[in-house]
Peer 1: 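Mind looking over this structure? Questions follow.
Ligands are counted one by one from 1 in listed order, and the atoms in each one are counted from 1 as well.
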Amino acid sequence: MAGFSFEVEARDGRARAGRLLTPHGEVETPAFMPVGTAGAVKAVLHRDLDEIGARILLANTYHLMLRPGDAIVASLGGLHGFTGWRGPYLTDSGGYQVFSLAALRRVDEEGARFQSHIDGSAHLLSPERSMEVQMNLGADIVMAMDECPSGEAPREAVAEAAARTTRWAKRCRAAHRRDDQWLFGIVQGGIHPDLRETSARELVELDFPGYGVGGLSVGEPKAARGPVLELLDRVLPAGRPRYLMGVGTPEDVVDSVARGIDLFDCVLPTRNGRNGQLFTSRGRLSIRNARYRQDPGPPDPDCPCRTCRTTSRAYLRHLHLAGEMSAATLMTVHNLFYYLDMMREVRQSIRLCRFEEWRRRILHRLANAEQDGS
Ligand SMILES: [Zn+2]
């Protein structure tokens with residue numbers, strides 16, 4: 001397809017470093033995508049995102065179809081024209097948010113009927129409607145609609161959801177008509193190896209240019225994740241991008257890169273930033289802590305981001321406690337920088353064939369960091 005390509009250029013163990021080309025620019029992988037829920041990454045400007053090196057953003061279909069409405073976004077030039085972000089976008093299918101946010105939802109073979117969490121209006125999100133919305137939004141990468149059961153769902157429900165996800169993937173492919181978008185399928189199957197393998201094989205048969213891994217980070221035991229990803233590394237085509245949806249902490253990201261994942265998104269750096277929780281090279285830091293009241297030091301002494309170059313812990317703590325909006329901005333900038341800088345180190349260490357060594361070092365550092373950062 002014109003304007004798209006993906007190439008794995010270096011490997012270290014299962015970890016891969018590569019390059020994803022889209023009509024709106026190139027993304028080096030493994031990559032982390034900041035979450036721009038309603039067409040904006042909360043609390044920061046595109047200018048900030050450019051400065052910290054964000055390359056690809058995620059936007060949420062569910063939120064944008066309800067407000068301002070996908071037809072309005074389409075009439076204003078799609079997400080790129082509407083928001084002014086020039087780099088690539090990825091949109092999710094909307095399904096996950098219907099399952100987690102909407103009231104009075106009912107899911108059947110047709111799709112998910114639900115009431116908007118904003119005004120209570122009734123909607124149907126079907127595979128066809130998800131494709132229509134995502135074509136209107138115009139992201140570079142769009143996701144097939146899947147059914148994502150909770151991590152505690154019984155095996156039978158997980159099997160049914162995975163089978164339905166394959167049927168919906170076929171409907172999405174039939175309904176998707178933009179050749180300037182890449183449509184990825186989503187593998188389901190929970191923590192059950194046989195269900196995961198069946199789901200992956202069925203989707204590979206449909207020949208998607210990339211694959212999402214859904215249904216992890218939804219309350220399943222964390223130890224179950226590694227074996228699932230290792231299995232998928234064997235089943236999914238080696239030359240296509242893999243996107244682990246909604247995962248996670250720095251430790252989770254590093255461990256999933258080690259199992260062959262290329263793309264990540266998670267609200268942790270942005271949500272935690274707004275809540276005064278910072279990821280630092282010395283562990284996590286809660287800016288509310290009274291010990292920072294007169295602390296003139298930067299949030300993270302090892303971080304070169306704009307926040308760490310220009311503000312003290314004492315000032316950030318004051319802004320946060322006073323409810324100043326700039327507190328959220330400053331802390332989101334730092335947290336996203338932390339994640340994106342970690343991904344730069346990930347890519348570099350894979351290319352130098354030193355990823356395992358780097359991974360052991362950073363995991364050791366994170367495990368031994370003080371809970372409170374200094
Ligand atoms: Zn910083």
Side-chain angles (χ1 to χ4, degrees), residues 27-28 30-36 40-58 85 87 248-254 257 264-349 358-359 361-374:
V27 180
E28 286 189 72
F32 180 83
M33 301 183 279
V35 178
V41 178
K42 289 188 200 305
V44 295
L45 301 175
H46 297 334
R47 190 183 61 195
D48 303 316
L49 295 168
D50 279 333
E51 186 179 287
I52 60 179
R55 296 308 305 268
I56 175 169
L57 303 184
L58 179 145
W85 173 254
T249 65
E251 293 88 339
D252 292 336
V253 169
V254 169
V257 166
F264 297 89
D265 79 285
C266 188
V267 295
L268 265 187
T270 38
R271 179 184 290 161
N272 284 15
R274 297 194 302 281
N275 293 333
Q277 303 286 329
L278 296 170
F279 293 94
T280 81
S281 58
R282 301 170 187 200
R284 294 180 200 186
L285 181 156
S286 171
I287 204 69
R288 305 178 75 92
N289 194 316
R291 69 198 282 191
Y292 303 129
R293 195 169 45 207
Q294 286 182 284
D295 188 338
D300 181 349
D302 299 325
C303 177
C305 86
R306 179 179 291 274
T307 299
C308 292
R309 280 186 282 120
T310 59
T311 55
S312 66
R313 292 173 175 181
Y315 183 49
L316 264 189
R317 178 175 187 274
H318 159 70
L319 292 176
H320 181 68
L321 293 181
E324 287 291 337
M325 286 184 279
S326 58
T329 302
L330 288 162
M331 288 190 281
T332 301
V333 163
H334 166 78
N335 276 355
L336 282 177
F337 184 90
Y338 177 91
Y339 266 70
L340 296 171
D341 196 50
M342 175 178 79
M343 300 316 286
R344 279 188 283 270
E345 286 188 22
V346 162
R347 293 190 296 267
Q348 192 182 29
S349 66
W358 178 86
R359 173 165 84 120
R361 207 168 57 232
I362 189 161
L363 291 179
H364 179 80
R365 203 169 68 198
L366 289 170
N368 290 292
E370 281 183 60
Q371 199 56 37
D372 216 80
S374 65

Peer 1: Could you enumerate the protein N, O or S atoms under 2.8 Å from the Zn ion (ligand 1), written like residue then atom name?
Peer 2: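 Near the Zn ion (ligand 1), the protein supplies Cys303 SG, Cys305 SG, Cys308 SG, His334 ND1.
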Peer 1: If we ignore angles and hydrogens, is there a donor and acceptor under 3.5 Å between the side chains of Ser286 and Asn289?
Peer 2: no
Peer 1: Can you list everything that forms a side-chain contact (heavy atoms from CB on, under 4.5 Å) with Arg55? Sequence neighbours excluded, please.
Peer 2: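 Arg55 satisfies side-chain contact (heavy atoms from CB on, under 4.5 Å) with Val27 once adjacent residues are dropped.
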Peer 1: For His46, which residues count as a ring-ring contact (aromatic ring centres under 6.0 Å, His included) partner, sequence neighbours excluded?
Peer 2: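 Once residues adjacent in sequence are excluded, the partners of His46 under the ring-ring contact (aromatic ring centres under 6.0 Å, His included) criterion are Trp85.
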Peer 1: Return the orientation label for the Phe279 and Tyr339 ring planes: parallel under 30°, perpendicular over 60°, tilted otherwise.
Peer 2: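 Phe279 vs Tyr339 ring planes: perpendicular.
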Peer 1: Could you walk me through whether Arg344 and Asp341 pass the salt bridge (charged side-chain N to carboxylate O under 4.0 Å, His left out) test, one step at a time?
Peer 2: CA-CA 5 Å; Arg344 279 188 283 270; Asp341 196 50; 3.3 Å; yes
Peer 1: The criterion is side-chain contact (heavy atoms from CB on, under 4.5 Å); which residues satisfy it with Ala322, sequence neighbours excluded?
Peer 2: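 Ala322 satisfies side-chain contact (heavy atoms from CB on, under 4.5 Å) with His318, Glu324 once adjacent residues are dropped.
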